[in-house]
Amino acid sequence: MDNFMNLAKQGIQAYERSHSDVSKTGGQEYNSPHHATNAYDRPQFDDDEVVHTASREGSGDSSLFSSALSFIKQNKGEHEQPIDEEGVQHAHRKAYEEGSAGSLSAGSLGSAAALQVIKQFTSGNGSSGSSQSQLISLAMAEASKLFDKSGGTSSGNKQDAVNGAAMTVMKLLVQSKFGGGATGGANSGGLGGLMSLASKFM
C-alpha cells in the first residue's frame, strides 16, 4: 500500500508539472461546496478528442465510443451513485489476474478495464500529459480490447462493456471532487481526489 501511494504521488506530481492551467478543470469548480453536485461539477470532455483517442487505442468503430459518451450524459443521476468497490476489485482480479473476464457481465468487465487504466494512470505508467479526457478515452479503449480478448461476456454486449468503463471513470471523477482531494492540490484539477479514491481499490 505504501509503495502504491508513493507511486501515486509520483504520478500526480508528474501530472501537476505538465498541467499548470487550471481554468478548465480546476479553480472554482474544484473548490465547490460538497453539496453542489450540479452540471457544472461534471468533468467537461472534448467529445471529438475522446472518441478519436478511444478509436485509435481501442477496438471498435467510433460510434461505439460516442454512444458511451451519450450514455453517461443521459444518466447523470448515476454519477453520484456509490461505486461497488468490492465488486470492481473482484472483477479486476477475475479479468487481469485470473484471465477469466469472459465470466463477468459486460458492465463488470468495463469497470475492471477502467480500474486497470486508473492503476496505470496513478502509478505514472500512463502516457505523458494524461488528462481526464485521456483517462476516459483509454478506459473505454481498454474495455473494448478486453471484451474482444475475452471472447464476449456472460451477459451484455461490447457497448455495455464500454459504457461500464465510461461510467466507472465518470463516477470516480465526479465523486473524487468531494472526497478530500488534497493530494494533488488545485493544479490537479480534481485528480488529487481521484488518487485517494483509487487507492481504496488497492
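Just so it is clear, the structure is predicted and the values come from calculations on it, not from any experiment. For the single chain, residues carry numbers from 1 onward in sequence order.
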Side chains of S105 and S108: donor-acceptor distance under 3.5 Å anywhere? yes
- prompt: Can K158 and D61 be counted as an ion pair, charged N to O under 4.0 angstrom?
  reply: no
_Keeping S111 on the side-chain end and T168 on the backbone end, is there a donor-acceptor pair under 3.5 Å?_
no
ask   = Hey, are the side chains of S137 and E57 touching, using non-hydrogen atoms and a 4.5 Å cut-off?
value = no
Between A114 and V169, the two heavy atoms sitting closest are CB-CG2, 4.0 Å
Side-chain donor/acceptor of S144 to backbone N/O of A141, under 3.5 Å: yes
With no hydrogens and no angle check, is any side-chain donor or acceptor of D148 less than 3.5 Å from a backbone partner on K145? no
**Side-chain donor/acceptor of D84 to backbone N/O of G87, under 3.5 Å** = yes
Q) Hey, is the main chain of Y96 close enough, under 3.5 Å, to the side chain of Q116 for a donor-acceptor pair? A) no
Checking I72, V162, I136, I83 against M167 for side-chain contact (heavy atoms from CB on, under 4.5 Å), the one that qualifies is I72
Nearest heavy-atom approach of L109 to A143 is CD2-O, 3.7 Å
Any side-chain donor-acceptor pair under 3.5 Å between D46 and S133? no
Scanning both residues in full, the closest heavy-atom pair of M170 with F45 reads CE-CE1, 3.3 Å
* So does E98 pair up with K94, basic N to acidic O under 4.0 Å? -> yes
Exactly one of L172, I118, V50 clears side-chain contact (heavy atoms from CB on, under 4.5 Å) with L135, and that residue is I118
Heavy-atom nearest pair, F147 first then G156, reads CE1-O, 4.4 Å
